[in-house]
Amino acid sequence: MRTGNIVKRGATIAIILALCVAFLPGPAPVQAAVGSGDGWTIVFDYTHGQHSGSVEYMDEWLEGNLSALGFTTVVWALGGLNDSILAGADALVIGGTYGNNGFTAAEVTAVGSWFNAGSKFLWVGGDSDYDGTAVTNNMTLILEEVGSHVYHEPTSVEDPISCCASGYRVVANTTSDDAFVAGIVEGVDAVLMHGPTLLYGSDSDTPGEDVDPVALETASIDDVYPLLYYGGNATITDGDITYPYAHTDGDVGSFVATTMEINAGDADTGVIVVSGASPYGDYRPMYSESYYNVTLTGYYLVNQAIYFGTLKATTVAHTGNIVFDYSHGQHSSSVEYMDVRLQTILTMMGYTVTWASSGLTTAVLADADALIIGGIYGDNGFTAAEITAVGDWFSAGNRFLWVGGDSDYDGANVGNNMTLILEEVGSHVYHEPTAIEDPISCCASGYRVVANTTSDNAFVAGFVEGVDAVLMHGPTMLYGSNNATPGENVNPVALETVSIPNVYPLLYYGGNATITDGDITYPYAHTDGDVGSFVATTLEVLAGEAGTGVIIVSGASPYGDYRPMITHSYYDIPLNGENLVVQGIVTGLDWAVNGLPSDMTMIYIAAAIGVVVIVIVVIVVMKKR
């Protein structure tokens, strides 16, 4: 790693991915679309003793992961924290300081001014008081300046049970079960907190050191979410004459090790993470993947907290209630982590997300603005009451609906069930009762199809930005019902060649995609054995009885399932279907609730639009089958 103020700018996606795979142990994240091509800027403080040559490779690993996650500028600040170094920064991460490396008054002011301007992410790491209270005192100056409600206890924690060969090398092993932060703690079960402290809360409108101190294990503070806890044998072992504020020397328990605070700072738009140890640098950071032969997963927490925290801080808050159907066999434990991260992405953007596991009823849909239905399985078909409930909900107007499908590998059951929903809402797009394979554009086998072409229509540019490889696992294709009263096999047309008003293809299969019908029901608008770039996903606007609905139909399931469209990598093939799914939900829901953009309400006019690109990346455990 170079010295000085080190800046690394992301190159092409391919180069970033190649670097990540080449030198990063463990799973590597995948680049997603970044607004304006600039991405986020993140600054790490290297000015106050955080750099350590022995763990520099971990900081390089962290830098590579963040570059792939959309942080196209990563700065290692060795010349102090000042207005210049923080100009343009979206995120700042500060590890525990050492010795006489405290912050100057000017640095504290610079950090405060930067954060309180709004829409910023800040991580403040700590340390124990083994060297007196200098470390925590320094971090307290920063935390008070930004109005944090969480502080480091001036003490230390040891754990003789959950540790790396010695009690002071603590392994924090418990995470929050709060759905709001589920994606941040996904995959996290063992985080090295080397010689750490614990955290306490300042439960006051004017928070600060020892101001209304509370133990965060037992007391809740608005907008403060514990992320990580020490194990039940963690013990407070105070090393000086300054005792903990909200705890007692000698206490044993599962104390809070890391928190996230949202709606922070003067502008109420900032996000602050506080941890009892340093996430990078230091003697041995939270980012460690192994220590004394103990396998660790702290790098997940660091990557995910920085990513989701910055997403939360920098995204204009959306509103809306989104329901995902989990009632008809869509849930799969092997890919649940993908659904968890999709939920966290949408939650951090401001949406309320519900997973409906007990049927699609009027009550479940009462407050829903959007409904996402993935392909169903076996005898999990929709009841007549469910179909009516969905139809009534959509017909009320200003609703967004996504209906995913599947091939006919198990007969026509999946397609038939989705057809019932699509007919009920008056869709002009349906799933062909067939299957698609592609021997060329695939993930190691033809039925694991990768759809690789998107529409060049400016009207849908915001839906397909950053999309060029979407897993469509065992999928079907789509056809149109070109009729004023559409339905299954009613005036069926091939959407690759025939246009239907208000219907826009979004995603196509590659030119080698082949129709491989598996039963006696043949395609309606195509022919078994046909080869070509068939339509895989469509958008329909001005839909439903009220003429204000938006419908997306896809030939595979966007979530859940065996392998959903949100899959980021499969058989070592990088994928970006998550861009399509999140951008589809966000933009489709916006258009349904607020109407089409003002300069294109006449959908027949190919007006240019400003692309709203959403950074959507997740860090996932690589799994194959």
Side-chain angles (χ1 to χ4, degrees), residues 33 320 322 369-374 394 397-405 418 421-422 425-431 451 453-468 470 472 475-482 486 493-509 533-544 546-559 565-566 577-597 599-614 616:
I322 303 172
D369 301 292
L371 171 62
I372 322 295
I373 306 176
F394 191 78
N398 301 113
R399 304 286 196 258
F400 172 74
L401 173 67
W402 186 316
V403 180
M418 311 323 280
I421 295 290
L422 292 169
V425 299
S427 173
H428 286 81
V429 179
Y430 294 83
H431 303 96
T453 305
T454 56
S455 171
D456 59 2
N457 190 326
F459 184 72
V460 298
F463 290 82
V464 299
E465 179 72 14
V467 178
D468 60 12
V470 182
M472 308 289 285
T476 186
M477 58 197 290
L478 308 179
Y479 74 95
S481 176
N482 196 11
V493 296
L495 291 168
E496 309 82 60
T497 56
V498 178
S499 296
I500 298 177
N502 303 341
V503 171
Y504 297 83
L506 297 177
L507 180 69
Y508 298 83
Y509 295 108
S533 190
F534 308 114
V535 173
T537 305
T538 59
L539 168 75
E540 182 173 357
V541 298
L542 306 182
T548 56
V550 175
I551 305 171
I552 288 180
V553 182
S554 57
S557 188
Y559 66 95
M565 293 169 66
I566 57 175
E578 193 137 42
N579 289 346
L580 180 65
V581 173
V582 176
Q583 290 167 178
I585 293 172
V586 171
T587 309
L589 177 53
D590 177 59
W591 287 11
V593 173
N594 299 312
L596 303 183
D599 61 342
M600 54 182 72
T601 51
M602 295 301 293
I603 63 173
Y604 311 105
I605 301 174
I609 62 172
V611 178
V612 179
V613 181
I614 303 154
I616 349 160

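As the structure is a prediction and not an experimental result, all values here were calculated from the model. What's counted below: heavy atoms across the whole structure, side chains too, no hydrogens, waters or symmetry copies. In what follows, residues are counted from 1 in the order of the sequence shown.
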(request) Check whether any side-chain heavy atom of L422 sits under 4.5 Å from a side-chain heavy atom of V429, and report yes or no. (result) no
(message) So L371 and F394, do their side chains get closer than 4.5 Å, heavy atoms only?
(response) no
(request) Measure up the W591 and F463 rings against each other and bin them: parallel (under 30°), tilted (30 to 60°), perpendicular (over 60°). (result) perpendicular
(request) Tell me, please, which residues at least two apart from V464 pass side chain to side chain contact (heavy atoms under 4.5 Å, CB included). (result) T454, L506, L580
(message) Suppose we screen for side chain to side chain contact (heavy atoms under 4.5 Å, CB included). Which residues come up paired with T453, at least two apart in sequence or across chains?
(response) Y508
Heavy-atom pair with the smallest gap, counting every atom of [X] and [Y]:
X    : Y    : result
A451 : M472 : CB-CG, 4.0 Å
P486 : G426 : CG-O, 3.5 Å
S481 : Y430 : CB-CE1, 3.8 Å
S455 : P505 : CB-O, 3.2 Å
P558 : G404 : CD-CA, 4.1 Å

Does [X] reach the main-chain N or O of [Y] with its side chain, forming a donor-acceptor pair under 3.5 Å?
X    : Y    : value
N482 : V493 : no
Y559 : I566 : no
S533 : Y509 : yes

(request) Report the distance from atom CD1 of I373 to atom CE of M418, rounding to the nearest 0.5 Å. (result) 5.5 Å
(message) How long is the straight-line distance from CG of L589 back to CZ of R399, given to the nearest 0.5 Å?
(response) 10.5 Å
(message) Quick check on side-chain contact (heavy atoms from CB on, under 4.5 Å): which of V550, I551, V503 does L539 satisfy it with?
(response) V550
With [X] via side chain to side chain donor-acceptor pair (under 3.5 Å) - residues at least two apart:
X    : result
D468 : N576
S554 : W402
N594 : D590
D369 : none

(request) Go through the steps to decide whether I322 and F400 satisfy the test side-chain contact (heavy atoms from CB on, under 4.5 Å), and finish with yes or no. (result) CA-CA 9 Å; I322 303 172; F400 172 74; over 6 Å; no
(message) Before you tell me yes or no, could you show the steps for L542 and L596 under side-chain contact (heavy atoms from CB on, under 4.5 Å), namely the whole-Å CA-CA distance, both residues' side-chain angles and the distance that decides it to 0.1 Å?
(response) CA-CA 9 Å; L542 306 182; L596 303 183; 4.1 Å; yes
(request) Carefully, step by step, assess M565 and T537 under the rule side-chain contact (heavy atoms from CB on, under 4.5 Å). (result) CA-CA 11 Å; M565 293 169 66; T537 305; 3.9 Å; yes
(message) Show, in sequence, the C-alpha distance, side-chain angles and deciding distance for L478 and H431, and conclude whether the side-chain contact (heavy atoms from CB on, under 4.5 Å) test is met.
(response) CA-CA 5 Å; L478 308 179; H431 303 96; 3.6 Å; yes
